[in-house]
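Numbering of ligands and ligand atoms starts at 1, following listing order.
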Amino acid sequence: MPNAEIARLLREVAELLELESANTFRVRAYSNAARVIEELPEAAATLSPERLHELPGIGDDLAGKIAEIAATGSLKLLRDLHREVPHAAVELLRVPGIGPKRARTLVDTLGIRSMAGLARAAKSGKLKALPGFGAAIEKKIISELAVHSGEEKRILRATAAQYGEALLEYMRALPGVRRAELAGSFRRGRETVGDLDLLVESSLGVEVSERFVKYPEVRAVLAKGPTRASVRLASGLQVDLRVLPAESYGAGLYYFTGSKAHNIAVRKMGQQRGLKINEYGVFKGKRSIGGRREQDVFDAVGLPWIPPELREDRGEIEAAGRGKLPKLVEYGDMRGDLQMHSTDSDGRDSLDAMAEAAQELGYEYIAITDHTPMLRIVNGLDRARFLLQRKRVDRLNARLRKLTVLAGAEVDIRADGSLDLDDETLESLDIVLVSLHSKFDLPKAGQTERILRAIRHPAVDIVAHPTGRLIGQRRGAGFDLERVAGAAADHGVMLEVNAQPTRLDLDDISCRAAIALGVTIAISTDAHSRDELRNMRWGVDQARRGWAAKGDVANTRPLKALLKLLHKGRR
Ligand code: DGT
Ligand code: CA
Ligand code: CA
Ligand code: ZN
């Protein structure tokens, strides 16, 4: 059972407890446990009770619950809660502006049972009169519903990876399965997936799809045939299976990797050469001339292999034809991580623990970038505390052998574009990140000016998570990317591709546009715990989709070369 599934069940308990107005500590214990399990590098289902106990915030009760999920796939507490709390209320909680109290009110007084029901009630003005609501809340709910309606349910890449990897392991355990891989948008590195597409190479017949539909997490079988099947997992994620023989595997992998637009363009090139390309192979008349390897498809149309991340029909076919494909950055190229938090602000691990974890990952350098005073809720540091932290960083560096820690900050950009830290302190830091944490909805012109002003400050090195979007939750700031990237390039300021699974900000298209304008990218995890340092791979995937080569990414450089890019080295 993947950690994501255990985490999902624990989070559901927390939500239902919240709706029951249970003790806040109890609610928080479950949501914390969900987070801890989700981030765990090893499979929680395989841990001994003693090891579970060692995890932060997991006591007897929670360890028992986790063991129960691992053993039975579900939880009695959750079944009981589902009997007590109306399910509709859980769904309503997902709307920003609706907390547990309001969700209960909507269900109890108006009998609302669905999102559609909520939308109707809001539009007919029934919400503002309810206790604890009001006109402003009603308006907010209407606009939130408008943002999210029509949006298909897509699952975050990092979550899909956990489900996908567990399923791959299960399928690979069947003797006769020679290869199993995820294709589709997942293989293309997309930040979210609509469903997973699982490809299996096997000469077995129906045994493969029979094993697939017996996967313990399958809740519904949507289709089942000898070489294909579709299921829905308990989490709601759909998985499509295709079984292919060795002679078609490469062509099938190519076809089901997509994107559809890319496939169609390549198939057309094949047609012009009198070839038919489909999921079974490349054909001249009735005769197969390839299909065993993915490269067979590219060979047929005279192209070099194109990395899956670029297969979107956004110019990659022309670039490949002219031999101008970028050599994309790889995870192994990363030499450091330039954004993370410690317990000094809102991180969960100490400065020393973060450094130790980074050393274990084999990094040459990291930047500690805690928050500034304006972000009071996260215990932002003021000048005095930054100076103290610097002393601790110096002592730490004297002790460390392989790793260099840069003393930095993630400085809040105020609404007028000024920075939330005095110039002298900014100057004293090795690295300065700036970012938006409020006022995401300023008009475009004002938002652009705000960021430009921050970029022009001589101490600034990186604009972190530039738009502030949260995937599926918050749209983020709207600004003129071309002007911002142009100014960043002129001032030697980098733009970040934030590797947190819910951020991945800049996104792929913006990353590519920024690089084309001469911007250097930094890929950073923004880790708030040692385990989150492992999120780097999601940022690398996003940057690859943004056509980033190793040379476009600052933290692929050795420390000395990196330092030359920073404000201190620029002068
Ligand atoms: P998703 O699931 O929405 O995140 O996106 P994909 O790209 O994984 O789309 P999906 O699961 O519908 O299909 C997987 C791949 O199969 C897709 O990327 C290309 C291929 N495919 C599906 N339908 C067609 C089609 O009608 N024509 C062609 N040429 N390819 C298709
Ligand atoms: Ca898919
Ligand atoms: Ca699919
Ligand atoms: Zn931030």
Can you run down the salt bridge (charged side-chain N to carboxylate O under 4.0 Å, His left out) pairs that involve residues 494-514, sequence neighbours left out, and say none if there aren't any?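 As it turns out, the salt bridge (charged side-chain N to carboxylate O under 4.0 Å, His left out) pairs with a partner in residues 494-514, which skip direct neighbours, are Arg314-Asp508, Arg503-Asp526, Asp508-Arg545.
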Could a heavy atom of Asp240 be found less than 4.0 Å from some atom of ligand 1?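 For ligand 1, residue contact (heavy atoms, under 4.0 Å) with Asp240 is absent.
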Lys260 near ligand 1, heavy-atom distance under 4.0 Å?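 Checking ligand 1 against Lys260, which is what was asked, there is a heavy-atom contact under 4.0 Å.
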Vertex the Zn ion (ligand 4): angle to NE2 of His437 and NE2 of His465, to 10°? 100°
Would you say Ser185 and ligand 1 have an N/O pair spaced under 3.5 Å apart? yes
[X], portion touching ligand 1 at heavy-atom distance under 4.0 Å:
X      : value
Phe186 : neither
Arg188 : side chain
Asp197 : side chain

Are a donor atom and an acceptor atom from the side chains of [X] and [Y] found within less than 3.5 Å of each other?
X      : Y      : value
Ser259 : Arg311 : no
Thr525 : Glu532 : no
Glu39  : His528 : no
Asp240 : Ser230 : yes

Answer yes or no for Glu410: is there an N/O/S atom below the 2.8 Å cut-off from the Zn ion (ligand 4)?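 Short answer: yes, at least one N, O or S atom is under the cut-off.
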So does His371 have any N/O/S atom less than 2.8 Å away from the Zn ion (ligand 4)?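 Checking the Zn ion (ligand 4) against His371, no N, O or S atom falls under 2.8 Å.
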Kindly determine whether Asp416 and Arg450 satisfy salt bridge (Lys or Arg N to Asp or Glu O under 4.0 Å), including the steps that lead there. CA-CA 6 Å; Asp416 65 357; Arg450 178 188 186 188; over 6 Å; no
Would Asp240 count as a contact for the Ca ion (ligand 2), in the sense that one of its N, O or S atoms lies under 3.0 Å from it? no
